[in-house]
Amino acid sequence: MPARGKFLTFEGLDGSGKSTQIAKLARGLRACGVSVTITREPGGTATGEKIREVLLHSDTSGLSPSTEMALMFASRAQHIHEVILPALAEGRVVLCDRFTDSTEAYQGGGRKLGTKPVLLLHEVLCANLQPDLTILLDNDVNATIDRARRRNRKHKNKRPEKDENRFEQENRAFFGRVRNAYLAIAAREPQRVQVVDARGTPRETHAVIMELVRKKLKL
Ligand code: TYD
């Protein structure tokens with residue numbers, strides 16, 4: 001049986017460059033001969049992608065914060081069962097775009113549900129699965145607001161079926177609470193969570209991440 005793989009998660013505000021960094025890291029790791037699985041939340045499975053559409057489409061209105069949190073966990077429980085655990089059992093390195101820290105930051109912090117229900121649900125529904133390493137891409141709340149404005153403009157006229165803007169319509173105070181909640185998680189779990197400054201060029205940020213991951217995977 002292969003040794004268990006490693007579970008790496010990427011967190012940060014919308015527009016912090018997670019997708020770019022995950023793609024660059026995957027290329028770097030594959031070049032070293034590592035088997036990589038890239039996935040994301042909400043989503044990552046057929047059921048999860050349906051839940052994602054409900055959660056992110058700006059036509060979805062009136063979701064209570066608790067419903068939002070429950071749907072995030074419904075997507076996650078299926079994702080762990082169908083994708084993450086099988087990939088880890090095969091010895092693969094899983095790069096996951098968002099995980100439970102997102103729920104703690106957005107629903108716990110942004111929506112003010114607090115940390116406790118998130119950690120409880122994680123224990124009950126996700127068997128408390130912990131990433132081996134979490135990269136928190138930290139940037140200014142302003143960068144998120146600017147990107148959200150650009151995206152909202154772009155999506156107004158084009159491809160309404162690809163609308164994933166519900167969270168991007170939130171205000172500065174919301175994203176400020178999300179960022180503070182992220183930094184609190186990093187302060188609480190410094191062994192797992194590495195804060196990476198995302199304000200440099202994608203190349204500079206990639207070099208920092210590659211080094212952290214190389215150490216963790218002993219490459
Ligand atoms: P994502 O596709 O990563 O968006 P972006 O590329 O803009 O960072 O995530 C979609 C949105 O879902 C994002 O605004 C954060 C939100 N989200 C939560 O609120 N809670 C969660 O648990 C997760 C996984 C995502």
Side-chain angles (χ1 to χ4, degrees), residues 7-24 38-45 47-60 63-80 83-84 94-115 117-122 125-126 129 131 134-155 162-182 185 196 198 202 205:
F7 181 33
L8 313 187
T9 61
F10 292 78
E11 297 286 354
L13 290 171
D14 304 66
S16 52
K18 287 179 287 98
S19 334
T20 307
Q21 290 304 327
I22 289 172
K24 278 181 178 295
I38 298 180
T39 189
R40 69 169 179 182
E41 293 196 354
T45 65
T47 305
E49 292 294 324
K50 286 185 195 159
I51 297 172
R52 179 182 176 95
E53 205 193 319
V54 172
L55 279 165
L56 303 191
H57 202 289
S58 53
D59 278 354
T60 300
L63 272 194
S64 81
S66 297
T67 309
E68 193 177 274
M69 177 170 65
L71 288 172
M72 294 294 178
F73 270 108
S75 166
R76 181 165 302 130
Q78 186 62 25
H79 190 211
I80 290 172
V83 175
I84 299 175
V94 177
L95 306 182
C96 189
D97 190 342
R98 300 192 180 280
F99 193 58
T100 297
D101 295 328
S102 280
T103 314
E104 195 174 337
Y106 283 75
Q107 282 66 52
R111 301 278 191 235
K112 302 185 179 173
L113 290 174
T115 283
V118 177
L119 298 184
L120 272 173
L121 285 172
H122 189 66
L125 300 174
C126 307
L129 176 67
T134 296
I135 304 286
L136 171 55
L137 288 172
D138 186 37
N139 70 350
D140 299 327
V141 170
N142 284 341
T144 296
I145 300 282
D146 289 347
R147 189 185 80 147
R149 288 216 181 102
R150 278 199 305 279
R151 275 204 179 180
N152 284 335
R153 243 180 272 135
K154 205 165 101 193
H155 282 288
K162 274 279 161 210
D163 178 327
E164 292 198 333
N165 290 353
R166 200 169 67 82
F167 282 95
E168 298 190 333
Q169 288 160 359
E170 290 299 335
N171 60 26
R172 196 177 299 270
F174 176 87
F175 288 114
R177 289 195 298 276
V178 172
R179 178 164 183 262
N180 288 341
Y182 267 137
I185 298 170
V196 172
T205 308

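What you are looking at is a predicted structure, and each value in this text was computed from that prediction instead of being measured. Each ligand, and each atom within it, is numbered from 1 in the order the structure gives. Quick note: numbers below take in every heavy atom, side chains included, and nothing from hydrogens, waters or symmetry partners.
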Note to self: Less than 4.0 angstrom from a charged side-chain N to a carboxylate O is my criterion; do Arg177 and Glu170 meet it?
What the structure shows: no
Notebook entry, point to check: So, are Glu49 and Arg40 salt-bridged, with charged N and O less than 4.0 Å apart?
Noted result: yes
Given side chains that start at C-beta, do those of [X] and [Y] come closer than 4.5 Å, heavy atoms only?
X: Thr100; Y: Val118; result: yes
X: Lys112; Y: Pro65; result: no
X: Phe99; Y: Thr134; result: no
X: Phe174; Y: Arg111; result: yes
X: Tyr106; Y: Asp14; result: yes
X: Leu63; Y: Arg166; result: yes

Indicate yes or no: does an N/O atom of [X] lie under 3.5 Å from an N/O atom of ligand 1?
X: Glu41; value: no
X: Arg76; value: yes
X: Tyr106; value: no
X: Glu68; value: no
X: Asp14; value: yes

Starting from [atom], what is the nearest protein heavy atom, named by residue and atom, and what distance separates them?
atom: atom 6 (O) of ligand 1; answer: Arg147 NH2, 3.7 Å
atom: atom 17 (N) of ligand 1; answer: Met72 CE, 3.5 Å
atom: atom 1 (P) of ligand 1; answer: Arg98 NE, 3.5 Å

I need the atoms of ligand 1 closer than 4.0 Å to a non-hydrogen atom of [X], numbered in the order shown.
X: Arg52; answer: 2 (O)
X: Ser102; answer: 20 (N), 21 (C), 22 (O), 23 (C), 24 (C)
X: Pro42; answer: 23 (C), 24 (C), 25 (C)
X: Lys18; answer: 3 (O), 8 (O)
X: Gln107; answer: 18 (C), 19 (O), 20 (N), 21 (C), 22 (O)
X: Thr103; answer: 21 (C), 22 (O)
X: Asp97; answer: 3 (O)

Margin query: Looking at ligand 1, is there an atom of it that comes within less than 4.0 Å of some heavy atom belonging to Met69?
Written below: no
Checklist line | Any Glu168 heavy atom less than 4.0 Å from ligand 1 | finding: yes
Next item on the list: Give the intermediate values and the outcome of side chain to side chain contact (heavy atoms under 4.5 Å, CB included) for residues Ser75 and Arg52.
Entry: CA-CA 8 Å; Ser75 166; Arg52 179 182 176 95; over 6 Å; no
Next item on the list: Indicate, as side chain, backbone, both or neither, the part of Leu56 found under 4.0 angstrom from ligand 1 when only non-hydrogen atoms are considered.
Entry: side chain
Next item on the list: Establish, from distance only, whether the side-chain atoms of Arg179 and Thr144 form a donor-acceptor pair under 3.5 Å.
Entry: no
Notebook entry, point to check: Taking atom types as modelled and ignoring hydrogens, do the side chains of Ser58 and Asp163 form a donor-acceptor contact shorter than 3.5 angstrom?
Noted result: yes
